[in-house]
2 protein chains.
Amino acid sequence: MSSEQDIVERLAGCGLRVTRARRAVVRALLESEGALTPAQACECARRHWPRIGLVTAYRTLELLAQLGLARRVHAADGCHGYTRASAGHHHNLICQRCGRVVEFEGCDLSALEQRVASETGFAIHTHILELTGVCPLCQNTDAGRRS
Amino acid sequence: MSSEQDIVERLAGCGLRVTRARRAVVRALLESEGALTPAQACECARRHWPRIGLVTAYRTLELLAQLGLARRVHAADGCHGYTRASAGHHHNLICQRCGRVVEFEGCDLSALEQRVASETGFAIHTHILELTGVCPLCQNTDAGRRS
DNA sequence: TTGTGTGCAAAATCTTTGCACTTCG
DNA sequence: CGAAGTGCAAAGATTTTGCACACAA
């Protein structure tokens, strides 16, 4: 997973400014175990930079997502959450009980993609893949308690 | 793909009423090649039942999704669209140019799921998978024209 | 006939935009 | 200093809710 330092360097490398507000959003994402909506990210970021506004949370999450430093989480109930993202091709594994998000890599869908491509005639470019289940902590906890 | 008749029977079988508004939304979904947002579904459904209101489109799509007769489409720009869904475990293949949605089946992720489960300790219950690419029609059309 | 389902209007949310002020580089 | 970035307030969308009426069963 990227560190705050990595992200700061990445921003600077793109000619983007490293502001307090952006740092605060980045920290919120790194600290959170689960996905954050813009409103939640704003709230968490305020711990680091109280003056941050909701609009900046929206803009910063969108920016981080474009840079590949954050990723939208597609849950059954919507896709308004963002989570930190490592460099490279990764996917998310989400705990349906506590919301924790863990990354994994090494999805090998090329065989599937080839089969579907030849069956449908589509040229397949990319995919969305997310696994959902129950994390070890929640398994050890009798049904339903939150982390 | 389910026919209108199948869907009607499914509704009736659940003790739900088969109203004109519901039929109109079902037809809108079946006629559309791509995913429909509630607003779009409402507009299309009006061709069959002009008095339908937007609220009913929301409620009906949600209802159909719960019955497994419709499915949310998770695109990069959001997940506010619904598409028709066949019975059983299927996934969507989406044309990034014209928006056409095609179903496919036979995703075999069990090996991947087992590997990730043992690496992370999660008990994996389900997954979201969508492929994105360019459909045959759009491939034959010089960049960018819509169907 | 009866109660589920509907449409409408209004409320509640969520998201984007415009603009003057800050602040990073 | 200069321009990118921010916060605020307001506008725009989207989604939900309350309620009287309609209409499948």
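Note that the structure is predicted; figures quoted are calculated from it, not measured. Residue numbers begin at 1 in each chain, while the letters A, B, ... track the order of the sequences. Only heavy atoms go into these numbers, but all of them, side chains included; no hydrogens, no water, no symmetry mates.
For Thr19(B), a side-chain nitrogen or oxygen approaches OP1 or OP2 of dT6(C) to under 4.0 Å. Residue His80(A) places no side-chain N or O under 4.0 Å from the OP1 or OP2 atom of dT13(C). For Thr56(A) and dG7(D), the shortest distance from a side-chain N or O to OP1 or OP2 is below 4.0 Å.
Going from atom CZ of Arg23(A) over to atom P of dC24(C) covers 10 Å, rounded to whole Å. Spacing between atom CG of Leu61(B) and atom P of dT6(C) amounts to 12 Å, rounded to whole angstrom units. As rounded to whole Å, 16 Å separates atom P of dT4(C) from atom CG of Leu11(B). With rounding to whole Å, Ile52(B) atom CD1 is found 15 Å from dA22(D) atom C1'. Here dC21(D) presents its C1' atom at 17 Å from CZ of Arg20(B), a figure rounded to the nearest Å. Atom CG of Leu16(A) and atom C1' of dT6(D) are 15 Å apart (whole Å).
With sequence neighbours left out, Glu43(A) forms a salt bridge (Lys or Arg N to Asp or Glu O under 4.0 Å) with no residue at all. In terms of the side chain to side chain donor-acceptor pair (under 3.5 Å) criterion, residue partners of His89(A) (sequence neighbours excluded) are, by chain and number, His91(A), His127(A). Residues satisfying the side chain to side chain contact (heavy atoms under 4.5 Å, CB included) criterion with Glu119(A), sequence neighbours excluded, are Arg115(A).
The line from CD1 of Ile128(B) to OG1 of Thr132(A) is 5.5 Å long, rounded to the nearest 0.5 Å. The CG atom of Leu69(B) lies 9.5 Å from the CG atom of Leu30(B); values are rounded to the nearest 0.5 Å.
Side-chain contact between His48(B) and Glu31(B): present, with at least one pair of heavy atoms (C-beta onward) separated by less than 4.5 Å.
Under the 4.5 Å side-chain contact rule for hydrophobic residues, Leu67(A) and Leu61(A) share a cluster. Taking hydrophobic clusters as Ile, Leu, Val, Met, Phe, Trp and Tyr residues chained together by side-chain heavy-atom distances below 4.5 Å, Leu93(B) does not share a cluster with Val101(B).
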For residues 15-24 of chain B, please give each side-chain donor-acceptor pair under 3.5 Å, one per line with the distance, not counting sequence neighbours.
from: Thr19(B); atom 1: OG1; to: Arg22(B); atom 2: N; distance (Å): 3.2
from: Arg22(B); atom 1: NH1; to: Arg17(B); atom 2: O; distance (Å): 2.9
from: Arg23(B); atom 1: NH1; to: Glu4(B); atom 2: OE2; distance (Å): 3.1

Measure all distances between protein nitrogen or oxygen atoms and nitrogen or oxygen atoms of nucleotides 16-23 of chain C, and list the pairs falling under 3.5 Å.
from: dT23(C); atom 1: OP1; to: Arg51(A); atom 2: NH1; distance (Å): 3.0

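Residues of residues 35-43 of chain A having a heavy atom closer than 4.0 Å to DNA chain C: none are found.
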